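Since we're looking at a predicted model, the values are computed, not measured. Note: hydrogens, waters and symmetry copies are ignored here, and every other heavy atom, side chains too, is used. Each chain gets a letter, A, B and so on, in the order its sequence line appears, and its residues count up from 1.
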There are 2 protein chains.
Amino acid sequence: MLTERQLLILKVTVNDYIQSAQPVGSNQLAKKPGITSSSATIRNELAELEGQGYLEKTHTSSGRIPSQKGYRYYVDHLLTPNPVPQQDIVQLRSVFEEKVTETEEIIKRSAGILSELTNYTSILLGPDIRKHTVKKLSIVPLSPGMAVAIIVTDSGHVENRVFSIPPDLDPSDIEKMVNILNERLIGVPLHDLHKRLEQETLALLRQHIERYGELFRTFQQALLLPHTDNVYYGGKLNILKQPDFHDIQKIRELMDVMEEGKHIPEILPIGAQGLQIRIGSENALAAMEDCSVITVSYDIGDEQMGSIAIVGPKRMDYRRIVSLLDYVSGDLSKELTRLFQGK
Amino acid sequence: MLTERQLLILKVTVNDYIQSAQPVGSNQLAKKPGITSSSATIRNELAELEGQGYLEKTHTSSGRIPSQKGYRYYVDHLLTPNPVPQQDIVQLRSVFEEKVTETEEIIKRSAGILSELTNYTSILLGPDIRKHTVKKLSIVPLSPGMAVAIIVTDSGHVENRVFSIPPDLDPSDIEKMVNILNERLIGVPLHDLHKRLEQETLALLRQHIERYGELFRTFQQALLLPHTDNVYYGGKLNILKQPDFHDIQKIRELMDVMEEGKHIPEILPIGAQGLQIRIGSENALAAMEDCSVITVSYDIGDEQMGSIAIVGPKRMDYRRIVSLLDYVSGDLSKELTRLFQGK
DNA sequence: GTTAGCACTCTATGAGTTCGAGTGCTAAGA
DNA sequence: TCTTAGCACTCGAACTCATAGAGTGCTAAC
């Protein structure tokens, strides 16, 4: 168990290290406002905190830096979020000032602003497109052998895919098919599309369209979209601004992980509600063992959900980021819900 | 003027430096096959080459490295391209093995493979979308106040934009408008769309649609697409692999330039035919003064054009890249033309 | 329980050496 | 006249050594 004074010293130490990136010594701490003990007493307490695993030394006679456990305790018990400065709020709200009508554009811009404000990397995950429902399907023939399939969702998202068709196909057959598809598939969420296509429309199509098989197969294949996540990054290069990252090899690994979309599920604890902080090796990816990730979810309407993440060094300004994300999450939820339901 | 021997020495020096990244000394050169003179003679020649500005020293008693002028002379007169290895060809052709039907997908994948093969960054510029012509326009209402406008081009590219409409607009008016637009605008290239929209359809719309003004204005605004370049990167992080780039500040500037799309015209000499090499400060951007950029154009059909660029250190493997790009350019031209015209 | 005092540890910094790769120059040889 | 062996010289890289300074841990006094 830690005493009041130890808690205070731990908190001040972490705050100072976050700010300065330098190991914190007892003399330095003694000068801090709020701390009344002498440096000798602080030394004793620091030794105790180190013994309990909250602090570490970089070498025998250095100051202390927070350990993973120290950061964890700090964010769990000692964190007093800073209120979001008016200035930041203005900048964040600027997204909604302009008449941007697309959810994706709003999310993308928010990612940019967040990374600018924080100097860290931001990752914004939009709502799962596959939950959106079909508003309209169409097929536009391009040339005798080619056509493009277009799906518009209720959210205004448009998916499209070029696919090949039998070169001598009767255009009226395409029209028939599109009509049947629209009749049957409007309102179906994208992730069910492939299944429903088969279940409900296959038989119908067979009745109406000559050589439906060939057409249907290529069309179905076109709709088997590789599930691209609805993810936006801001400030990927901000990693290079952090003095904590000087090893080019490490930077490469980290950026590699971010560049490839496929690690998103490991970076972001998808499905988690509220604010989550992952420190250092608490992250699933080895490349991120020197990073902390703060994530928060936001809602659009009643069902859909997105996430916001800030990736920075373990020595991240938790006080600021936590309150900032809290604000952004609420704001995005409110504005996007309005946009989505107000339609 | 340079003697035969000086040319040989210059060539071998540049090749060696490209390969080793170390300043090249006279003893080292004397050992190279093809060079018969003694190191003392070579020293004299090196001094002469330095005097004429083709080589430089990093400090008084170091070996020589090529100067900007040296590289320039090398690529202009001494470059003997390496034939493309069968292995590379196989990998490049793999793009066409799979049945990819979209130009954009082919270009994107080619960018990836090029960067993998070279360990440099590749930038592929697709044909200018704005030259494509309208195949079909449609407007899909989403909710009382919103609709999405969709433009399909003859190439199968789909542009879409959400825009707001008068909430109490009669759906039949939208239909009318779409019919008029399609009647008038099919075949119009995208870059003319905005103008033609005004010239040809405004009057017609006025006749047929009540409250056309409001609808028309928001629709027109939606079509004022920010001209996004059709550009794909491969291996942005490969910069971090180059020993030439160790200064994090420089790396940041360079990646910054690449991250922002807007510098493309400065990186790529758009409109240039054939193969171009820009060395160091020959590049328009200050951030690229330590880079060389090799670009080559390719054609799709008779009119459209794209570019391929490889960005690497000045100490780039010109022999390999030049022949590689030459090959890829021809291959892309052939395959994309086939795809485009075979439609 | 707190603190002043002090010996001790370790890093960072800078000066001084040495080593080796490489140069430029000179003079002898072809 | 061109080439080359020889040699003194230069400079950076790597290493050692000394010093200063920040910080610790411990002891003993308050």
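- In this structure, B/H59 atom NE2 and C/dG20 atom C1' are separated by 11 Å, rounded to whole Å.
- Taking atom CD of B/E45 as the reference point, atom P of D/dC2 lies 10 Å away to the nearest angstrom.
- Residue B/Q28 places no side-chain N or O under 4.0 Å from the OP1 or OP2 atom of C/dA21.
- In the set D/dT24, C/dG22, D/dT4, D/dT4 carries the atom at the smallest distance from any side-chain atom of B/N44.
- Atom CG of A/N27 is separated from atom P of D/dG21 by 15 Å (rounded to the nearest Å).
- Rounding to whole angstrom units, CG of residue A/L46 and P of C/dT2 are separated by 14 Å.
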Next on the checklist: Let's go through A/K57 and A/R64 carefully: what are the C-alpha distance in whole Å and the side-chain angles of both, what is the deciding distance for side-chain contact (heavy atoms from CB on, under 4.5 Å) to 0.1 Å, and is it a yes or a no?
Outcome noted: CA-CA 5 Å; A/K57 283 191 282 199; A/R64 303 306 205 289; 3.3 Å; yes

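- Under 3.5 Å, the side chain of B/S61 and the base of D/dT10 form at least one donor-acceptor pair of N or O atoms.
- Atom CD1 of B/I42 is separated from atom P of C/dG24 by 13 Å (rounded to the nearest Å).
- Between the C1' atom of C/dG1 and the CZ atom of A/R43 lies a distance of 16 Å, rounded to the nearest Å.
- The side chain of B/S38 has D/dT4 as its nearest neighbour among C/dT3, D/dG25, D/dT4.
- Atom CD1 of A/I65 and atom P of D/dA22 are 20 Å apart (whole Å).
- When atom types are taken as modelled, the side chain of B/S297 and the backbone of B/G274 share a donor-acceptor pair closer than 3.5 angstrom.
- Look at A/K250 and A/E289 and you find a salt bridge, because one of the NZ, NE, NH1 or NH2 atoms lies within 4.0 Å of a carboxylate O, short of that distance.
- A residue-by-residue look at A/R64 and B/R5 shows that B/R5 has its nearest nucleotide of DNA chain D further toward the 5' end.
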Checklist entry - Can you list the steps and then say if B/I310 with B/M316 is a side-chain contact (heavy atoms from CB on, under 4.5 Å)? => result CA-CA 10 Å; B/I310 298 285; B/M316 190 192 265; 4.1 Å; yes

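- A close approach under 4.0 Å does occur between a side-chain nitrogen or oxygen of B/T60 and OP1 or OP2 of D/dC11.
- One interatomic measurement links the two molecules: NZ of B/K57 to P of C/dG22, which rounds to 13 Å at whole-angstrom precision.
- For B/S37, the side-chain atoms get nearest to D/dT4 when compared with the rest of D/dT24, D/dG23, D/dT4.
- Without hydrogens or angle criteria, B/N283 side chain to B/G280 main chain gives a donor-acceptor distance under 3.5 Å.
- Regarding contacts with the backbone of C/dT23, a side-chain N or O of B/S26 is found under 4.0 angstrom from either OP1 or OP2.
- Picking from C/dT23, D/dT3, C/dT2 the nucleotide with the shortest atom distance to the side chain of B/T41 gives D/dT3.
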